[in-house]
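Working notes, structure below.
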Amino acid sequence: MTQKRRIGVYICHCGGNISDYVNVEKVADAVKGVPGVEVAKTHVFACSDASQQEMINEIKEQHLDGLVVASCSPKLHMFTFRGMAKRADLNPYQYIQVNLREQCSWAHTSDKIGATEKGIHLLRAGIAKCALTHPLNAIRVETKPRVLVIGAGVAGMRAAIMLADMGLAVYLVERENQPGGWARVTGEQGPEKQNGDQVVSALAERIRQHDNIMLYTGAEVVSKDGSIGDFTVALRLKGSETVSLNVGAIIVATGFAPYQPRAGEYGWGLPGVVSLADFRQLLSETKGRLEYQGKPVRSVAFIYCVGSRQTESETCPEPNAYCSRYCCSATTHTAGLLRQLDAKIHQYHLYRDVRTYGALEKLYEKARTDGALFLRWTPEKPPRVETKDGRLSVLVTDTLTGNEELEIGADLVVLATGMEPRQNEGLNSILKIPESTDGFYKEIHIKLRPVETVIDGVFVAGAAQGPKALAESVASALAAVAKTGGLLKKGFVDLEPLIAKVNPEKCTWCDKCLQACPYGAIKRIHTGEKEIALVIESLCKGEGACVPVCPHDAIEIEGYRDDQIMAMIDASLKEVATP
Amino acid sequence: MATKVDPQISQRVRELGAGDLNQCYHCGTCTAICPLSEGDASFPRRVLRNIQLGLGDRLVASPEPWLCYYCGECSDSCPQKADPGETMAAARRYLISKYDPSGLAGLMYRSPAFLVFFTLLLGALLAFFHLSIHVGKHAAGEAPFPSHWAAFAWIPYETIHLVGLAVGGLMILVVFAGLFNAARLMLKAHGGFAALRRYKVADYRRATMQLAHEIATMKRQGDCESDPPSSEPWYVQPRFTHGTILAGFVMLLIATTLDFFFVFGLKMQFYAVARPLGIAGGLVMLYGLLVYAWKRMRRATANTKTTTPADIWLLFFLIVLDVTGFALLVITAAGWKGVASDVILLVHSVMAMEFVLMFTLTKIAHALYRPLALFLHFLNAPKAGT
Amino acid sequence: MNPSPKQAGPDYDVMIVGAGVAGMETAASLGDMGYKVLLVEKKPSIGGRAILLSKVFPTLDCASCIVTPKMAAAAHHPNIDVKVYTEVDGIARNADGTFAVDLHSKAAYVDFDACTGCGKCEEVCTVTVPDEYNYNLVTRRVAHIPFPQAVPKKAVIDRRGEAPCTFTCPANVKASGYISLVRAGRYKEAFNLHLENAPLVGCLARSCYAPCEQDCTRCGKEETVHIRGIKRFFADHYYADHPEPEYGPVEKQRDTRVAIVGSGPAGLSAAFYLARNGHQVTIFESETQAGGMLRTGIPAYRLPNDVVDRDIKNVTALGVTIKTSAPVGSVAELKAQGFQAVFIATGASDEKKLGVEGEDLAGVMGCMAFLRETKIGTMPDIRGKAVLVIGGGNSAMDPARSAIRMGAKRVIIQYRRGRDEMPAHDWEIKGAIEEGVELMLLSTPKRFLGKNGKLEAVECLKMQLGAPDESGRRRPEVVAGSETILPIDLAILAIGLNPSTSKFTGEVPHKHGLLKADTRTMQTADPAVFAGGDCVTGPTMIINAIGHGRRAAFYMDRFLKGEALDIEFEALLEKTDKDTVLAEAKSFRTRSPVLQPTLALAERKQSFACYEGVMTDDEARREAHRCMNCGQCAQCMECVNICPAFCIDFDMRAVAKKFTVGAVVLSTGFEILDPAAKKPLNYATLPDVIDGPQMDRLLAPTRPYNSVLRPSDGKQPESIAFVLCNGSRDQTLCNPLCCRIGCMYAIKQAQLAMGALPLADVTIYTIDVRAFGKGYDEFYEQARGMGVQFVKGKVARIEQLEGGQMELAYEDMEGAGGTQKRKHDLIVLTVGFLPNTDAFKLYKGGDLGADELNYVKEVDPIGEPGRTTVDGLFAAGAIIGARDIPDTVLHAGAAAAQAAAYLERTRSQR
Amino acid sequence: MALPRHKEPDPKILVFSSNAISDPGIDLAGSAHLHYSTAVQVIPLPCSSGVKPSWILHALEAGYAGVFIAACGGDCAYLSDCTDRTSALIRAAQALLKEHQISPKRLKMSGLCSVCADNFVSHMSKFKEELKKLEPVT
């Protein structure tokens, strides 16, 4: 740092927006003497083409190695001036923008002297920071054009095909012996009316035809190493043979597990009390008259929200508080299938809220017009299922009938069971994707980044992230494909260099930074005599959570280094000769 | 004790012309929009729900269908187009059939063919007796009637007259039985007839006054029309037209009764009072009937967009009776004799008799049950309708 | 591997239409993959509707905090070109799988490259309109930055068209502009704005026939805005403060010399604008004083001479020389004097003759002569005399009403057609009759009878109307033998005027004395000679002549600078459609006009003093408030004057663009349902029944008021109701679908409302509570835990009670049953979405499939989300059906993947 | 037109904001021309969880009267537990200040979202008043 800096400082009038309140000439004069400042000028509009050209010329002619523009908020023009710096062959990270408009002139329109003074302070801080910059380059991570998709349900299969269509190689891994997941066995899917089995076969056929997809069935992931763009994953195939794969990204599409009712829950265990999935299977196998265990079925009661929206109780110590999203539409859709089979069968639907959202409302409407009766219960008085005279009897306090307790005779009681997160400890310990409170994989942000996880390069798709219907699962799978494509299509990713950096001399490895980092970007390494922390550049987000926890001030964020902040604080406090 | 759900009943009510009540997703708009639904008298959704679930006892015991005047607002605002208004109408038909111990009413509502068949059969029977009247001894001299077409003429008039009186008496009994039945069912939820003891004489007086007031003013029906204000001119609004039919009906009833007592009973001339009253009543009623018929043909309003055979039956009967009544008046005044006049007399007499005999079986029975339901409603809910 | 090779491929790999959440997400995904993306947004900022939300469920993040990073990511992405304020006109599929797209960037009247988003234009703008970004809860300025977080942060000016008043004015004086300035109390600015189009402000304020008022949109409902009255107010106001102009000759003087013949309105105006451009201008006036018709042809009660004098100062202050008593003989003479250009504006004041016997008797005179002599005071006394004015135009009214003021015993206007055919303005005729002028209709003089050369009587003929002539008016025909004698002392002929061009007809081509000049440039056959005003058109209005003067000055300036004359003089927009304005003014309130004060009749008849008074400050502003801002922007020029970056340009017009793109993703979003159709809910009539989006604005940190306040009275509501499913799941509105978001955003708003107003009761009326997404049901339970009441029962009716509260009715089905009524202070109707059907208009192939509710149809929702029936045309987000933000983001990702796969496929095929 | 200077200058406040969340909120205060003291200086950082207690100590020792952390709060784009982390470092910093005999009242934190302009201004004026009541830092 002994070499004298050559910094150019440009102050923008913003056509009066700044200069009406901040005496920009005075500010320029005040910083002219600051060490390292080579040029200090004002521009009516710094962002105009002419001004930019002038600055570029000056940077080149004067061999400037630092640039400070004091103008509007960096949110508006930081990229403009970074681009300008680049065109002037100045490293863009040696450019500092000082917010003289939104955070100075406009906020202090009633105090011109104060605003000018503050402007000088702000600018000095900016110059101090600039003086301590050094050239930085974007961190380029080479990426492998291959993807591992875990789980060959519909979501995983569809993702694999789309990835291959986009020109990426895919390894599709399925634990079971055949692909397809739940869709294969649940029959017709509403409201699209496609048969799950056929959907699966069509996808399997497309996978077969793709050279770019390698499907492993009966295989499990046993280890994962590496980071974004370059993972090494080991699979154990049938018969304990292992394969090692090198991929750029991983899509986790492991799906859900159906809720298993507890004994006695809504009559579970009584003959004639079945789950929705069982009932669907029964329906798909039935030709002609519907019978259950040899007896004709003339009346069916469906109980909704089984295993979903639970409240804590003695019998249910670990409730599933979430709504399983798909069951209302699946059950109302089933009503239609049952009606198709036999219009004379009486249907009773015992619901809490019918959540056939959006266009799924049509399923609910059809179920009603087909003659299914809907009764509404509340968790305070849940329905009871009993056997009475050799037949099932459902007692429900129907809020639509003045909270009256009604008795329904039923030959079958179908429990609309929800989705649960799949218990998959082996995989979880390998992937280390955090879980949400509901136990499903946690996305980074439900709205902004719903398929990304805190592990860069690892995406989550389908019901593994939360209950979803088939079409939604596929949409989320393709969204994960889009993100994967963004990562791998170019063959590299450029990451911001403003990230954490460990000072190997100060670091003594105490693992505090490792604890603080939610992105797994810290790794322990051995350098000669000691152990120190190393930042995995491709994983670091540069937010700085590790910085304050380091007991030895050994970790810093580029662009926000200790010396820079300290210098800024000092510079911003330097007295200004009273104007 | 849990109430049993019985899917059969809803099927039965649906056969009586209920709207598409399965469309209902129980949002309660119909009840909330209804100008007459309040407190205990909660309809139409609850009535619809009782039908849906087949809660037969509850349905039969509910007076609510009678409190509805079918303004159609519920059907207009139903987000699922479940047509609750029509369901209420069907519920009334169901109730009539339930109040009727013979079971004929239900048969007639469900099967238009039976309605026609029964009407024709009864008509034929009555015509046979009518044509069998041996009129010779009766009304010699100043017979007020046109000459009588006595094709068979074998039963002495007195016999017929006696039988007629007997049948009349029987009809009164049937009417009372129906009313009793209805009252019994309506009171069931409140503890049966014993519940009536709860009320004081003053309560009965007040309820009677309220009922009389309601019949005279049709205020509740007016409430139906007022929100939102009807776009129809007042003279075709139901409150007025129904009022004209009711008034005409009452006037004709009085006129006929006067005739019966004075002319036949006391053998007194009483035309000076009865005839103008009858003419006025007939005209007033005819106006209302024609407006109704015209609306039904155009399906102009909510309550006329669905027309059941029972509706046609009633309108047809009343219009024919009214028109033939006037024809008879003309014939009498002109002293015109001939086959046509005989036929008209035959039709008028037979249909009038049929109308009386089928009073508790057809839609006109609402004239019995609605006042009853209103009376009990007023008795139970003193503030209602004020 | 590089997906965008720089070969002669399409201009962009993908075009994305609509930059809401779906569009931005799709763009970012495709941009990250390396595709070159064109992101088109019709609004001035990207961000869609999500940026307008308060917070988002179920995490209660601030909407701005989650959407602005998305906006920044899209806007700064090296592979994404964002074009805001740009509409797609057409999309057509090419045979090779690419698409030809037509776009146009709308005119923002702001140069986006130069605008710094400082918002100064917004501060000074004088016109307000409902703020669509606050769902019309408040108003905003016409010049505006859509919202503080806008990306790009640029100002936009709304111009629907040219205001009819401005459009109709022959000089295009920006009436809407000065009205809006008067409304804002900026009178001096109003005056200066007027100078831009016409320098003779005082004269116009008193004697303009004001065609603007006749075209005022308010005439469609009630009386016009009294535009001339407003002008009179600020003109008098300005002149009282400024007896002399505030300016002198312009700095940059040129050595070009221009001669102007005639100092009437045309000549003066031309001189004004030429001198402003630095030319040396000399006006030649044959009379002793400058002003032409203004001075001699308009009676003093309409236009006193001191006003004319002050107006002329506006011109002379610029250094214009006026030579009076200096008749010009010919153009050649001027050229010889060294003038490089000449403007002939000699007017039309030569009286026409009737051509009947006795016309040369003393006591028969032309109206111009009469008015002139009256105004300069040489007219003999006519007190007690009988005066006959012949003619039915405005020029008959002036002498007739003057004669009344001069004390004539009887004043008769004789006209050969009927009252309805009279060409004079109706108010003039009425004013004349009021003052005692008699009309003698269907009558014409046969001859003038006199004794000793002096008029004594007029022999008149009766007329009748015959068949229509070529002008469409019925031709008057003489009734034979209908002669009557009328004793008359003075007859004034007001039957028309001829152009005063005799000196020039030798040099300049003409028709019946009217000089021939190009209607666009006012140039005559001699390129150095221009002509304008009445000498070209025949007698018209002052404002017409002024318009000619300014137009001629514009082209003369170019001529003198040696520039081509083939450019447009003034680029006007199309005239605003008045029906649109009236239809938009939903809450049209009649505002009774402020009438200009007038003198009492008796006083008026006895003096030449102006009978029209001046409005007070307050009256003028009140009258200005009646203006309906037809063109939206009034062109008051305040923004132009203040903009530090000089980026406002009213000449900006839409620019069409054509591109070829490899694929198209439609993400045009949804429409919001209008709950007004549910009449019993009274949304349209009760101010405190608001809809969900409006409630979100009330709750947003960037909300229009400082708290959650009721729109009607600004009070904090103590009891708030949220009513679900208004128009969703509703067959009566043909919208059977669930809106998918209503339940959740109502729950969110309920939670936020409880936070903002801890004492308020919050109730949500539901059919089903549809909390189906990740974390949604937990969010619902959380709201219940906070004390939000959930009532099962749809609200059917809302009524206003005395004292500001409202009462709603629902069936209390889980309680006592029957209709229950509850009182609330604020009722929020959650409304859902309707399909945005723009897509079907944009895509020209006709084979873009729709589902039964007119959303864009997905061919295979399970297998191929995002794919439409057109190969290569994809759909992202709510365009295929209502959905919340998480589902939109997922769907947008799917669409991006689809587009990428399509691009790979078509590229390998090419 | 400059207002006459205060006799007593405002206490100097250093604000640490976060680039994506609270800094835009502070910008918005300026855009809306909401006024706060010119003695407020802002240093933007990526995230409020990255503020070092030593910076705070240095700022107060070097001459600032108070330090205000404009935290990302629940809107943080990086960390779902950003508020907890920021609170933890505030506690650590306050302990550090105590060690150096500086009143912990000189350090304030509040979550500010990207549109919290009003909040920011009211925090600044409240903090200013509170700081005025404290003895000057020696």
Side-chain angles (χ1 to χ4, degrees), chain A residues 14-17 45 47-48 72 75-76 79 145 158 162 165-167 189 192 194 199 202 309 321-323 325 353-362 365 399-400 402-403 436 438 440 445-448 450-451 465-466 470-472 474-476 478-483 485-486 489-491, chain C residues 1-3 29 32-34 56 58-59 61 66 69-70 72 76 114 116-118 120 153 644-645 729 736-738 740 768-778 781 792 813-814 817 860-863 865-866 881-883 885-887 889-894 896-898 900-901 904-905:
Chain A
C14 197
N17 282 302
F45 286 108
C47 56
S48 69
C72 50
K75 280 119 227 150
L76 291 171
F79 291 94
R158 187 64 191 90
M162 190 57 113
D165 284 348
M166 283 166 51
Q189 309 286 322
E192 300 85 1
Q194 292 185 41
V199 170
R309 302 179 68 187
Y322 57 86
C323 161
R325 185 176 177 129
D353 292 286
V354 183
R355 292 183 171 170
T356 44
Y357 49 89
L360 298 169
E361 178 76 4
K362 284 186 282 186
E365 196 194 324
T399 68
L400 306 178
N403 295 315
S436 322
D438 56 15
F440 291 92
H445 191 286
I446 183 80
K447 286 187 154 35
L448 294 175
V451 294
Q465 179 261 348
L470 196 53
E472 293 161 348
V474 171
S476 111
L478 296 194
V481 167
K483 290 290 159 212
K489 277 291 287 177
K490 288 187 306 219
Chain C
M1 220 36 226
N2 187 349
S29 294
D32 283 347
M33 291 184 222
V56 292
T59 42
D61 305 75
I66 69 158
K70 288 241 168 212
H76 298 307
T116 68
C118 71
K120 285 196 171 168
K153 197 170 180 182
R729 305 177 71 185
L737 302 192
C738 155
R740 236 173 124 138
D768 295 288
V769 178
R770 295 193 160 163
F772 56 86
K774 189 166 180 173
Y776 289 9
D777 203 57
E778 294 88 327
E781 292 298 335
K792 159 86 178 150
M813 64 181 85
E814 297 194 335
D860 174 6
I862 289 186
R883 56 202 53 229
I885 297 176
D887 287 346
V889 170
L890 289 180
H891 194 259
Q898 292 279 11
E904 292 305 319
R905 178 157 59 86

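A note on names: the letters A, B, ... follow the listed sequences, proteins ahead of strands, and every chain is numbered from 1.
Salt bridge present: Asp887(C) and Arg325(A) bring a charged side-chain N and a carboxylate O closer than 4.0 Å. Of the charged side-chain nitrogens involved, none lies within less than 4.0 Å of a carboxylate oxygen, so that Arg883(C) and Glu472(A) do not count as a salt-bridged pair. Of the charged side-chain nitrogens involved, none lies within less than 4.0 Å of a carboxylate oxygen, so that Glu778(C) and Arg309(A) do not count as a salt-bridged pair.
Remark: Lys490(A) NZ to Asp32(C) CG distance equals 6.0 Å, nearest 0.5 Å. Rounding to the nearest 0.5 angstrom, the gap separating the CG atom in Leu478(A) from the NE2 atom in His891(C) is 9.0 Å. Atom CD1 of Ile66(C) sits about 6.0 Å away from atom NZ of Lys447(A), to the nearest 0.5 Å. To the nearest 0.5 Å, the span separating NE2 on His76(C) from NZ on Lys75(A) amounts to 10.5 Å. Between Lys153(C) atom NZ and Leu76(A) atom CG the span is 6.5 Å, to the nearest 0.5 Å.
Proximity to chain C involves both the backbone and the side chain of Asn17(A), based on heavy atoms less than 4.5 angstrom apart. The part of Gln189(A) that comes within reach of chain C is its side chain, from C-beta onward, which places non-hydrogen atoms under 4.5 angstrom from that chain. Contacts of Ala900(C) with chain A are made by both backbone and side-chain atoms, with heavy-atom separations under 4.5 Å. Proximity to chain A is absent for every atom of Ala882(C), based on heavy atoms less than 4.5 angstrom apart. With a 4.5 Å cut-off on non-hydrogen atoms, Thr399(A) touches chain C through its backbone and its side chain both. Heavy atoms closer than 4.5 Å to chain C are found in both the backbone and the side chain of Cys14(A). In this structure, the portion of Thr59(C) lying under 4.5 Å from any heavy atom of chain A is its side chain and not its backbone. Within the 4.5 angstrom heavy-atom criterion, atoms from both the backbone and the side chain of Val354(A) approach chain C. With a threshold of 4.5 angstrom between heavy atoms, Phe79(A) approaches chain C through side-chain atoms but not through N, CA, C or O.
Leu448(A) places none of its side-chain heavy atoms less than 4.5 Å from the side chain of Val889(C). Residues Lys792(C) and Leu400(A) have side chains in contact (heavy-atom distance under 4.5 Å, counting atoms from C-beta outward). When side chains are defined from C-beta on, Leu737(C) counts as touching Lys362(A), because their heavy atoms get closer than 4.5 Å. By the 4.5 Å heavy-atom criterion applied to side chains, Arg770(C) and Asp353(A) are not counted as neighbours.
With respect to chain A, the highest number of heavy-atom pairs below 4.5 Å among Ala896(C), Ala645(C), Gly773(C) belongs to Ala645(C).
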Problem - Trace of the side chain to side chain contact (heavy atoms under 4.5 Å, CB included) decision for Glu192(A) with Asp860(C) - result: CA-CA 8 Å; Glu192(A) 300 85 1; Asp860(C) 174 6; 6.0 Å; no

Exercise for the section: Mind running salt bridge (Lys or Arg N to Asp or Glu O under 4.0 Å) on Arg740(C) and Glu361(A) for me, showing each step along the way? Expected result: CA-CA 10 Å; Arg740(C) 236 173 124 138; Glu361(A) 178 76 4; over 6 Å; no

Exercise for the section: Let me see the working for Asp61(C) and His445(A) under side chain to side chain contact (heavy atoms under 4.5 Å, CB included), right down to the final yes or no. Expected result: CA-CA 10 Å; Asp61(C) 305 75; His445(A) 191 286; 3.2 Å; yes

Handout entry: Met162(A)/Gln898(C) under side chain to side chain contact (heavy atoms under 4.5 Å, CB included): CA gap, chis, key distance, verdict
Key = CA-CA 8 Å; Met162(A) 190 57 113; Gln898(C) 292 279 11; 3.3 Å; yes

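A donor atom on one side chain and an acceptor atom on the other are found under 3.5 Å apart for Ser436(A) and Lys774(C).
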